[in-house]
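Encoded as structure tokens, the structure appears first; notes follow it.
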Number of protein chains: 4
Amino acid sequence: MSRKESKSPTFDRIVEASLQLFNQQGERSVTTNHIARYLNISTGNLYYHFACKEDIINELYRRYSKGMADYLNAAGELSVNASIEGLVSLLEKVLRHLWTFRFIPQSISSLFSVNQSLRESYSKIEAGLISRGVEKLFFKLRDQGMLEGDDVQIGFLARNFQLLQTGWIARPDIARCPQEAQVVAREGCLSLLYFLAPYVSSRFRQPFERVLASMAPLQALPAV
Amino acid sequence: MSRKESKSPTFDRIVEASLQLFNQQGERSVTTNHIARYLNISTGNLYYHFACKEDIINELYRRYSKGMADYLNAAGELSVNASIEGLVSLLEKVLRHLWTFRFIPQSISSLFSVNQSLRESYSKIEAGLISRGVEKLFFKLRDQGMLEGDDVQIGFLARNFQLLQTGWIARPDIARCPQEAQVVAREGCLSLLYFLAPYVSSRFRQPFERVLASMAPLQALPAV
Amino acid sequence: MSRKESKSPTFDRIVEASLQLFNQQGERSVTTNHIARYLNISTGNLYYHFACKEDIINELYRRYSKGMADYLNAAGELSVNASIEGLVSLLEKVLRHLWTFRFIPQSISSLFSVNQSLRESYSKIEAGLISRGVEKLFFKLRDQGMLEGDDVQIGFLARNFQLLQTGWIARPDIARCPQEAQVVAREGCLSLLYFLAPYVSSRFRQPFERVLASMAPLQALPAV
Amino acid sequence: MSRKESKSPTFDRIVEASLQLFNQQGERSVTTNHIARYLNISTGNLYYHFACKEDIINELYRRYSKGMADYLNAAGELSVNASIEGLVSLLEKVLRHLWTFRFIPQSISSLFSVNQSLRESYSKIEAGLISRGVEKLFFKLRDQGMLEGDDVQIGFLARNFQLLQTGWIARPDIARCPQEAQVVAREGCLSLLYFLAPYVSSRFRQPFERVLASMAPLQALPAV
DNA sequence: GATGAATGAGCGTTCATTCAT
DNA sequence: CATGAATGAACGCTCATTCAT
């Protein structure tokens, strides 16, 4: 999978331009003609590389979920020698990744009504792999003494964590603004840390507070 | 509220049919023709009552946000003689309301790209009135001794609470399924209670645990 | 015809409102709904008085052509004891009449494509009665010594005169502007007098020049 | 003119078919669907070449006014070695050009209410360039001794000339009939010559009369 | 690989007109 | 006389997609 040469430069350019336009204007109002014109290629050429608009979206979703899975794997290794700093750094990367593909959490429900295959891969990947991966990760963090809580609590913690993560990115008042990815990631990270705070073990409390303090001074985004 | 004559039966039927169809199939793939045909009225008649499709959505958003504001007011009065049971009961009502209008949290971002006026009323109402109302409510609950936490914690609590609330409803794998509103509301409520748990004061801990226990046995929804 | 009571006050109000709106915005973009709303009556009521939009236009055309015919008759009597002043005064009245119904010369061709009956009454009246009436009038004016020219010349004079008269009123850059009827009539009159000038007999030249001089000072409209 | 590649054959076919249909049936009752069906192309294809119906009309107006401007330039050169025959020949060409685009003078006022950009280009071109061009031309003809009159007279002559020219073409009883362009142009020309007659200088009177006589025998059109 | 003209079903909307009350 | 909700054919236009070159 990683070995296979990327299909073609044009293929990639289409994917990247689409991502950009989808994020800026919303998938709904970006037509295949817009994408082609933006790239100075013909529509015919676009359809040479993609059978339909759906497939562009599917490819973007593939990249999005692949990235998420990769970060999840990284998190597995990181937790071997756990540190708050490592966790936060990873969290920011994940949020930046989500931000890069923000049109997806924003319009995923809308897309379902016009893209059946996305629906399927979503429930397989997002609600399957990733969701379970996050759950496993949280249990591991508890095993390593970073988090505390019973099984039910940690289960809900994992579930809510994901909801917050994507919910933050999908917030409609944030999403289209040309915010710096940096700012959005920081603020989101802060929210998530406050969310985790009550479950951080006493052993990790001190570095946790330190990190929290170091992130605070950034200017706030508008409230929800 | 009860005094104001409803505009006309047909007006209301259009609004209600639209809500139903939007929830089932997504706003995007429900055309004005579909709505009219569903109601066995002519498109002309539909457009006699609404100047454009946007206005149907705007009316739905008006009803949605009006309901939310009403619940918020109810919450203000409830918190006078606070009880966990009262809070949970209200929370379930809010979630059922959200569920009734679930196409809105689901597709709000998408709608922004084709409905400028919605964008404006959203930022005024959702990100304004409601957001601030929820924050105030949480501070009041702390004043009454139900919640504990410093100002920053309670602030984040309020913000995250809202994100979770709508995030749960908007979860794409849930939204289109013909779930019983009851089940969705229960499960969402449970998630939110677990989210609040660490901040519940010791004085209210016992009734809180009792309520939590009474809700648990319901069969679980699929994980995120 | 003149004895018959006008059909009803509402009938007349519809005719007059339509005239006003047609002149202001063009018949094409004035719908029957607009007219009804403008008058604060229901569409049903409008259609109680008129079978269709065409009929409103036909009634307006009837009034327009009736007025023209009346002025023509007046001209016949006037020419008994001919004077330049009388002619000019009549001409101004005709131009003001044309201006009152200016949407007709403006959009007559357009109307033909959607109003067959207008086509018929137009060719009967405008191209029949009126056209012949004007011709007769010009010959009479020659007989009375006001104009000079052979039969062919006078024939062309009459034809061109009418063309100029309506052409002036229909000038698109003039028509929609809220010009004072007075100004438009004066300017148009001046143009028409210059057009007649070469055919005015030497006997009437002096009063003619006097009248011409007395009209000149008005500020000019924009050139064609 | 000959150098500029035409946009595409289909582009031109749309323009030409539209012109034909507009002339026959009136712009108002010719829909984009009609045009497409007439050409056996899809509506999509029509809209591939034109963004909207307005743009087809604008393109036709562009061609119309370009032609008029060209004839005006030709007139400028012609008047160097002026002759009645040359003038008449040009006049016939102009009238045939006007006849070719007759839907424009016919429905220009109507179009204004649904086509703002046409309104602008009309007042710039028709009421600007062309109007001034005609005025200049008439003054030049006087300088060359073909016409006689003081400044005011020549000014009105120019203005009225234009009004007659387009008024003749726009005559609703003429416009839709499948008249031979030749006949219409001849008759119109004759009218215009009679209009000019009083101002033709004695030096040019003889050739003028000769030309007039040579045109007369054609069968007459119905009177106005 | 690439072009760009062509397709056509379907969209949101309009408006003259009807009709039950 | 008057109301106003209801009709439906038709409009201008969109856009994912196809296909000959």
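Convention: sequence-line order gives letters A, B, ...; per-chain numbering from 1.
- Listed by chain and residue number, D/Phe50 satisfy the ring-ring contact (aromatic ring centres under 6.0 Å, His included) test with D/Phe11 (two or more places apart in sequence, or in another chain).
- Summarising the geometry, the separation between CD1 on C/Ile35 and C1' on E/dC15 is reported as 12 Å, rounded to the nearest angstrom.
- A salt bridge (Lys or Arg N to Asp or Glu O under 4.0 Å) check over residues 28-48 of chain C, counting only residues at least two apart or in different chains, returns the pairs C/Arg28-D/Glu27.
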Worksheet item: So what is the 5' to 3' dot-bracket string for DNA chain E, if pairs are Watson-Crick or G-U wobble with both distances under 3.5 Å, crossing pairs use [ ] and | means the partner sits on another strand?
Response: .||||||||||||||||||||
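- C/Leu21 places its CG atom 14 Å from the P atom of E/dC15, with the value rounded to the nearest Å.
- Side-chain N/O atoms of D/His49 include one lying less than 4.0 angstrom from OP1 or OP2 on E/dA6.
- Partners of D/Thr32 under the side-chain contact (heavy atoms from CB on, under 4.5 Å) rule, at least two apart in sequence or in another chain, are D/Leu46, D/Tyr47, D/Lys53.
- At whole-Å resolution of the value, CD1 in A/Ile56 and P in F/dC15 are 15 Å apart.
- If you take CG of B/Leu111 and P of E/dG12, they are 13 Å apart, rounded to a whole angstrom.
- Ion pair A/Arg13/A/Glu16 not flagged as a salt bridge, since none of the NZ, NE, NH1 or NH2 atoms sits closer than 4.0 Å to an Asp/Glu carboxylate oxygen.
- When rounded to the nearest whole Å, the span between CG of A/Leu39 and P of E/dG4 equals 14 Å.
- Here B/Glu120 pairs with B/Gln116 under the side-chain contact (heavy atoms from CB on, under 4.5 Å) rule; sequence neighbours left out.
- Residues passing the side-chain hydrogen bond (donor to acceptor under 3.5 Å, both in side chains) test with A/Ser123: none are found, sequence neighbours excluded.
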Item to complete: If a protein heavy atom is under 4.0 Å from the base, mark B; if only from the sugar-phosphate, S; if neither, -; do that for nucleotides 7-14 of chain F going 5' to 3'.
Response: BBB-SSBB
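- In this structure, B/Thr10 reaches the F/dA6 phosphate: one of its side-chain N or O atoms is under 4.0 Å from OP1 or OP2.
- The CD1-C1' distance, from A/Ile14 to E/dT3, rounds to 13 Å in whole Å.
- When rounded to the nearest whole Å, the span between CD of C/Glu27 and P of E/dC15 equals 12 Å.
- Side-chain rings of A/Phe22 and A/Phe101 stay apart, their centers remaining 6.0 Å or farther from each other.
- In this view, B/Glu54 and B/Cys52, B/Asn58, B/Asn115, B/Ser117 satisfy the side-chain contact (heavy atoms from CB on, under 4.5 Å) rule, not counting sequence neighbours.
- Every residue two or more places apart in sequence or in another chain that forms a side-chain contact (heavy atoms from CB on, under 4.5 Å) with D/Thr100 is listed here: D/Leu19.
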